[in-house]
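Presented below is the structure to which this report refers.
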Amino acid sequence: MIAMDKYERVIELAKRRGFLWPSFEIYGSTAGFWDFGPLGAALKRRIEDLWRDFYVIGEGFYEIETPTMGIEDVFVASGHVSSFVDLMVECKKCGEAFRADLVQEKCPECGGSLGDAYAFNLMFKTSIGPGSQRIGYLRPETAQGMFVDFHRLLRFYRDKLPFGVAQMGKVYRNEISPRQGVLRLREFTIAEAEIFIDPREREHPRFDDVEDVMLRLYPVKEQVGKGSMLELSVKDAIDRGIVAHQFMGYHIALIQLFLLGIGISPEKLRFRQHKEDERAHYAVDCWDAEALTDRFGWIELVGIADRGDYDLKAHAKHCQTEMTVFVPYEQPITKERTVIKPNMSAIGRKFKDKAAKIVGVLRTLSMEQLEEGVIQFEGETIPLTKDLVEYGHVTEEVRGERVMPHVIEPSYGIDRIVYALLEHSFEEERIEDETRIVLRFPPNIAPVQAAVLPLLSRDGLDEKAREIEHSLRKSGLLVDYDDSGTIGRRYRRHDEIGTPFAITIDHQTLEDETVTIRERDTMRQIRVRIKDLSGVMVGLVAGDVAFESAGTLI
RNA sequence: GCGCCGGUAGUGUAGUGGUUAUCACUAUGGCUUGCCAAGCCAUAAACCCGGGUUCGAAUCCCGGCCGGCGCACCA
């Protein structure tokens with residue numbers, strides 16, 4: 001048998017045990033679409049829930065939900081319509097592909113003739129309603145839904161910066177040639193937060209909490225030269241100018257805490273800065289959290305972009321809606337200002353259809369020009385009499401100014417995270433002549449949290465086990481009852497899907513109302529009283545209780 | 001999208017222009033054992049799809065789909 005590489009072994013396990021299945025398999029599948037089976041969906045859900053713990057609860061970024069389909073205006077404004085459409089041509093001779101707008105008649109590589117131009121756009125296009133006049137696009141990111149709601153969100157957050165908003169959901173990109181399993185999908189789940197900040201204030205109020213977090217950074221400077229990865233605290237990275245500011249630094253640290261929290265291996269995680277030519281059209285700075293995979297090398301799991309004011313500016317321009325925030329000064333400023341008050345009824349009566357243009361010229365005049373008492377208009381000299389216009393200085397208090405917020409955006413690719421976690425958790429352990437396959441998920445991430453296993457399926461052990469199963473379910477744990485085959489086989493089955501704890505009901509259970517709990521990673525066992533079991537299990541799964549202190553070690 | 005290679009039970013595979021397509025693991029039921037994939041018996045389960053060649057195609061040919069690799073693409 002030819003040895004499978006780790007990707008194949010992980011995918012083989014994922015398919016066999018119900019984590020990941022190719023979609024539409026009975027019809028031959030379609031590239032770029034994968035189903036999450038029972039365990040995959042549960043695993044993904046736990047990752048999503050932890051993400052909500054971090055961002056919605058931890059950071060106070062309320063989650064919103066906007067349509068997965070967007071109208072054309074939104075993506076014209078965002079730049080996706082223009083940035084996504086490319087006319088491509090391919091050389092008939094050598095097969096090389098080129099942007100049609102960049103080449104002439106012959107292939108620049110080999111001089112062969114070019115085929116017909118074809119358009120591709122990474123957005124799925126459809127029509128809204130009957131008659132097909134209205135174009136819709138399936139969203140390629142959730143971000144636009146949050147930008148488009150900016151005016152509402154600003155009111156919701158009572159007109160103050162900074163604030164954050166989150167959205168998790170499906171997005172769609174019509175990849176030309178998706179490969180690499182769930183790493184490149186045509187439909188996938190993204191979890192994004194948009195953090196709107198005052199660009200002049202990039203200090204993060206809780207920066208102290210993360211300043212000592214150590215990061216492995218791979219900045220542009222190091223990538224361009226023959227540099228290497230840097231191990232720095234967040235604070236040092238900012239002080240040395242490697243990470244631009246505290247908001248960026250804080251959120252890079254938060255991403256790391258999240259990824260390590262779900263079980264990504266610390267030694268297989270780094271943050272790499274995008275080089276200028278690989279940044280998206282909206283980004284002024286971008287770092288990717290990358291995970292090391294066996295077959296594909298470093299892959300992006302999370303991108304954190306400084307989108308500047310690109311999006312709000314773009315929408316403000318496109319739809320003429322105010323997208324700025326009024327930021328009050330600490331002390332109001334007194335300012336002197338020239339005020340011009342044209343008397344419209346007099347001007348209108350006197351100049352008729354030229355009235356509007358004359359007022360337009362009037363408004364451009366300085367105080368000195370107004371003092372001259374005449375105005376030049378289409379070769380005529382018009383006297384400015386008091387009945388036509390009043391002007392003068394006023395002093396007024398300016399209480400603040402309008403600011404276009406900048407956006408910091410951490411964007412998580414949930415499906416890729418699921419794969420990276422499967423691979424990083426995957427372990428083949430030699431035990432005598434056997435191979436034990438274990439998925440070492442953290443207990444709070446594992447899809448099945450506990451297995452309930454009667455040592456035998458008779459003598460009343462099975463009934464007792466059923467009782468325990470139900471009481472654990474009532475405690476909110478996802479448990480699996482299994483009485484098929486030998487106990488060893490059942491332990492192995494659960495190792496393979498990452499179940500962190502197995503509760504075994506034996507003859508002693510019937511005598512003294514105790515059960516054993518076996519820990520997946522060490523295979524050690526403790527004995528615990530049934531009346532304490534639910535509490536102990538909830539504590540173990542949450543990670544609040546150490547295994548060896550949860551009961552009597554056997 | 002281009003080029004090369006591949007596609008057999010849930011998984012890994014053997015095999016062949018010609019009766020009921022091999023084996024192992026897994027799964028299910030039973031016997032046995034009674035805390036880490038033991039043993040025995042039984043059961044279930046597959047030739048990617050379409051077309052062509054042929055008396056006969058899972059096998060040969062063509063196309064499609066899917067997968068792997070290289071190129072391109074990955075805002």
Side-chain angles (χ1 to χ4, degrees), chain A residues 1-5 7-9 11-18 21-33 37 75 78-86 88-99 109 115-116 118 120-123 140-141 143 171 173-181 183-186 274 277-283 286 295 299-300 303 305 413 429 431-438 453-459 461 484-496 502-508 515-518 520 522-525 527 554:
Chain A
M1 185 171 83
I2 295 157
M4 293 191 283
D5 73 5
Y7 172 80
E8 283 174 285
R9 294 198 303 263
I11 290 296
E12 185 272 310
L13 172 66
K15 285 201 243 181
R16 186 162 47 82
R17 298 308 306 269
W21 296 321
S23 298
F24 326 119
E25 205 176 2
I26 60 168
Y27 290 104
S29 307
T30 299
F33 296 96
F75 296 114
S78 71
H80 285 88
V81 168
S82 56
S83 296
F84 263 46
V85 183
D86 275 330
M88 299 294 293
V89 285
E90 267 167 31
C91 173
K92 288 178 183 167
K93 196 169 155 195
C94 68
E96 199 76 15
F98 305 96
R99 287 255 304 274
E109 289 292 312
D116 291 336
Y118 59 94
F120 76 85
N121 188 308
L122 283 165
M123 286 192 293
E141 57 176 21
V171 300
R173 299 180 191 184
N174 201 0
E175 298 283 353
I176 295 166
S177 175
R179 283 187 193 171
Q180 309 174 342
L183 300 186
R184 207 151 143 224
L185 296 170
R186 286 180 165 132
H274 276 203
D277 61 356
E278 64 180 314
R279 286 202 299 260
H281 62 271
Y282 49 71
C286 185
R295 182 189 284 193
I299 59 160
E300 175 192 354
E429 226 177 50
I431 293 181
E432 289 161 26
D433 284 342
E434 303 289 344
T435 303
R436 182 172 86 117
I437 296 176
V438 193
L453 315 173
L455 191 60
L456 309 176
S457 54
R458 55 164 197 272
D459 303 341
L461 295 179
S484 156
T486 62
I487 189 74
R489 179 188 295 277
R490 285 177 271 159
Y491 286 148
R492 290 292 200 272
R493 260 187 211 142
H494 277 280
D495 289 340
E496 208 177 48
I503 293 149
T504 305
I505 291 81
D506 56 14
H507 285 103
Q508 192 182 330
V515 293
T516 66
I517 305 176
R518 175 227 191 223
R520 175 197 66 204
T522 62
M523 299 191 281
R524 290 181 304 174
Q525 284 182 292
R527 195 163 271 279
I554 303 171

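Here is the naming used below: chain letters follow the sequence lines, and residue numbers restart at 1 for every chain. Nothing here was measured: the structure is a model prediction, and the numbers come from that model.
As rounded to the nearest Å, rA57(B) and rG50(B) have C1' atoms that lie 14 Å from one another. Only the P atoms considered, rG64(B) is 12 Å distant from rC4(B), to the nearest whole Å. As rounded to the nearest Å, rG56(B) and rG63(B) have C1' atoms that lie 23 Å from one another. rG10(B) and rG1(B) are spaced 34 Å apart, taking the C1' atom of each and rounding to whole Å. Between the P atoms of rA37(B) and rC25(B), the separation comes to 15 Å (whole Å). rC60(B) and rG6(B) have their P atoms separated by 10 Å, with the value rounded to a whole Å. Comparing rG17(B) with rC47(B), their C1' atoms are spaced 15 Å from each other, to the whole Å. Across the C1' atoms, rU33(B) and rC41(B) are found 16 Å apart, a figure rounded to whole Å.
Comparing S29(A) and R179(A) along RNA chain B, the residue whose closest nucleotide (by nearest heavy atom) sits nearer the 5' end is S29(A). The 5' end of RNA chain B is approached more closely, in terms of each residue's nearest nucleotide, by Y491(A) than by the other of Y491(A) and Q180(A).
Atoms CD (E25(A)) and C1' (rA9(B)) sit 13 Å apart, rounded to a whole Å. Across the protein-nucleic acid pair, I299(A) atom CD1 and rC74(B) atom C1' stand 13 Å apart, rounded to whole Å. For the pair I26(A) CD1 and rA9(B) P, the interatomic distance rounds to 16 Å; values are reported in whole Å. Straight-line distance from the CD atom of E175(A) to the P atom of rG67(B): 13 Å, rounded to whole Å. Here rA27(B) presents its P atom at 13 Å from CG of L13(A), a figure rounded to the nearest Å. One interatomic measurement links the two molecules: CG of L185(A) to C1' of rC66(B), which rounds to 15 Å at whole-angstrom precision. Per the geometry, CZ belonging to F33(A) stands 14 Å off P belonging to rC65(B), to the nearest Å. Computed from coordinates, the D506(A) CG to rU33(B) C1' distance equals 16 Å when rounded to whole Å.
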Distances for protein N or O near nucleotides 37-40 of chain B N or O, under 3.5 Å:
| from | atom 1 | to | atom 2 | distance (Å) |
| --- | --- | --- | --- | --- |
| rA37(B) | N7 | T435(A) | O | 3.3 |
| rA38(B) | OP1 | R489(A) | NH2 | 3.0 |
| rA38(B) | OP2 | T486(A) | OG1 | 3.2 |

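At a threshold of 4.5 Å between non-hydrogen side-chain atoms, the residues E25(A) and T30(A) do not count as touching.
Distance from the side chain of R518(A) is smallest to rC36(B) among rU11(B), rC36(B), rG1(B). Residue R527(A) has its side chain nearest to rC35(B) when only rU11(B), rC35(B), rC36(B) are considered.
Phosphate proximity of rC69(B) to R295(A): present, with a side-chain N or O under 4.0 Å from OP1 or OP2.
In this structure, rC2(B) forms a base pair with rG70(B), meeting either the Watson-Crick or the G-U wobble geometry with both donor-acceptor distances under 3.5 Å. When both pairing distances are held under 3.5 Å, rA24(B) makes a Watson-Crick or G-U pair with rU11(B). Here rG50(B) sits opposite rC62(B) as a Watson-Crick or G-U wobble pair (both hydrogen-bonding atom distances under 3.5 Å). The partner of rU19(B), taking Watson-Crick or G-U wobble pairs whose two distances both stay under 3.5 Å, does not exist in any strand shown. Look at rA38(B): it lacks any Watson-Crick or wobble partner with both distances under 3.5 angstrom.
Taking only distance into account, the side chain of R184(A) meets the base of rC73(B) through a donor-acceptor pair shorter than 3.5 Å. One can find a donor-acceptor pair under 3.5 Å joining the base of rG34(B) and the side-chain atoms of R458(A).
In plain terms, the two heavy atoms of H80(A) and P140(A) that are nearest each other are CD2-CG, 3.8 Å.
Using a distance-only test at 3.5 Å, with no hydrogens or angles considered, a donor-acceptor pair links the side chain of R186(A) to the main chain of A31(A).
With respect to the salt-bridge test (charged N to carboxylate O, under 4.0 angstrom), the residues R490(A) and D495(A) do not qualify. By the 4.0 Å N-to-carboxylate-O rule, D5(A) lies close enough to R295(A) to be salt-bridged with it.
Shown here are the side-chain hydrogen bond (donor to acceptor under 3.5 Å, both in side chains) partners of Q508(A), two or more places apart in sequence or in another chain: D512(A), R527(A). Every side-chain hydrogen bond (donor to acceptor under 3.5 Å, both in side chains) that E496(A) has, sequence neighbours left out, goes to R16(A), R17(A).
Atom NE2 of H507(A) and atom CG of L461(A) lie 4.5 Å apart (nearest 0.5 Å). We find the OG1-CZ distance between T516(A) and R524(A) to be 14.0 Å, quoted to the nearest 0.5 Å.
T30(A) comes within 4.0 angstrom of the backbone, heavy atoms only, and of no base.
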